[in-house]
Amino acid sequence: MMQPTAFLINTSRGSQVDEAALLRALKGKRIAGAGLDVFEEEPDFNKEFCQLDNVILTPHAGSATRESRRSVLKEASHNIVSFLVDGVPVNRVN
């Protein structure tokens with residue numbers, strides 16, 4: 001359903017994209033290109049993507065900025081202090 005000028009960008013989860021269908025769409029020029037930061041199978045990935053000039057592949061490092069790392073450290077520190085003081089971390093998973 002995407003336009004031939006569309007670019008598919010996936011930085012969320014590899015399972016969100018059917019890579020076989022994406023490869024067919026890219027090779028058939030049914031979409032203009034793709035940018036992938038995650039893959040169905042990690043750390044391996046389908047090497048056919050490397051042969052296409054309308055694809056950009058990156059290691060899952062989109063969040064590797066100083067600002068985001070600083071934010072993660074601040075949040076983790078806040079959780080540790082909260083746990084030590086109140087016995088409950090702020091962002092508990094379970």
Side-chain angles (χ1 to χ4, degrees):
M1 294 179 67
M2 295 175 72
Q3 304 264 339
T5 56
F7 283 80
L8 181 128
I9 309 295
N10 186 14
T11 61
S12 63
R13 297 282 180 262
S15 61
Q16 298 300 308
V17 173
D18 178 342
E19 289 183 2
L22 177 58
L23 278 166
R24 286 192 301 275
L26 291 164
K27 289 177 180 178
K29 304 294 184 190
R30 290 191 302 269
I31 66 171
L36 304 174
D37 189 49
V38 290
F39 307 94
E40 283 182 326
E41 299 292 327
E42 291 186 10
D44 293 324
F45 64 95
N46 189 327
K47 305 302 187 272
E48 285 186 70
F49 286 115
C50 296
Q51 299 168 3
L52 302 175
D53 62 0
N54 56 347
V55 176
I56 295 175
L57 307 173
T58 62
H60 190 54
S63 68
T65 65
R66 286 187 177 139
E67 294 82 9
S68 65
R69 297 301 181 184
R70 192 174 295 124
S71 177
V72 167
L73 288 171
K74 183 178 177 182
E75 195 66 29
S77 300
H78 186 77
N79 273 301
I80 292 167
V81 170
S82 177
F83 179 76
L84 293 174
V85 172
D86 301 324
V88 179
V90 177
N91 295 315
R92 197 160 113 179
V93 175
N94 57 9

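Worth saying up front: this structure is predicted, and the values here are computed from it rather than measured.
Listed for the Glu42 side chain is a donor-acceptor partner under 3.5 Å among the backbone atoms of Phe39.
A 6.0 Å sphere centred on CZ of Arg30 holds more than 12 heavy atoms belonging to other residues, nucleotides or ligands.
A 4.5 Å side-chain heavy-atom check between Leu22 and Asn10 finds every atom pair outside the cut-off.
Applying the side chain to side chain donor-acceptor pair (under 3.5 Å) definition to pairs two or more places apart or across chains, those involving residues 45-57 are Lys27-Glu48.
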Extract all donor-acceptor atom pairs below 3.5 Å that involve side chains of residues 77-86 and protein atoms in other chains or at least two apart in sequence.
{"from": "Ser77", "atom 1": "OG", "to": "Leu73", "atom 2": "O", "distance (Å)": "2.8"}
{"from": "Asn79", "atom 1": "OD1", "to": "Val90", "atom 2": "N", "distance (Å)": "2.9"}
{"from": "Asn79", "atom 1": "OD1", "to": "Asn91", "atom 2": "N", "distance (Å)": "2.8"}
{"from": "Asn79", "atom 1": "ND2", "to": "Glu75", "atom 2": "O", "distance (Å)": "3.1"}
{"from": "Ser82", "atom 1": "OG", "to": "Val88", "atom 2": "O", "distance (Å)": "2.6"}

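Leu8 contributes atom CG, which lies 8.0 Å from atom CG of Leu26 (distance to the nearest 0.5 angstrom).
The shortest heavy-atom contact between Phe7 and Ala32 is CE1-CB, 3.6 Å. For the residue pair Glu40 and Glu19, the shortest heavy atom distance occurs at N-OE2, 2.7 Å. Looking at every heavy atom in both residues, Cys50 comes nearest to Leu57 through SG-CD1, 3.9 Å.
In the hydrophobic clustering of ILVMFWY residues, with side-chain heavy atoms under 4.5 Å counting as a link, Phe45 and Ile9 come out apart. Residues Val38 and Phe49 do not share a hydrophobic cluster, clusters being chains of Ile/Leu/Val/Met/Phe/Trp/Tyr side chains in contact below 4.5 Å. Val17 and Ile56 are members of different hydrophobic clusters when ILVMFWY side chains are connected at heavy-atom separations under 4.5 Å.
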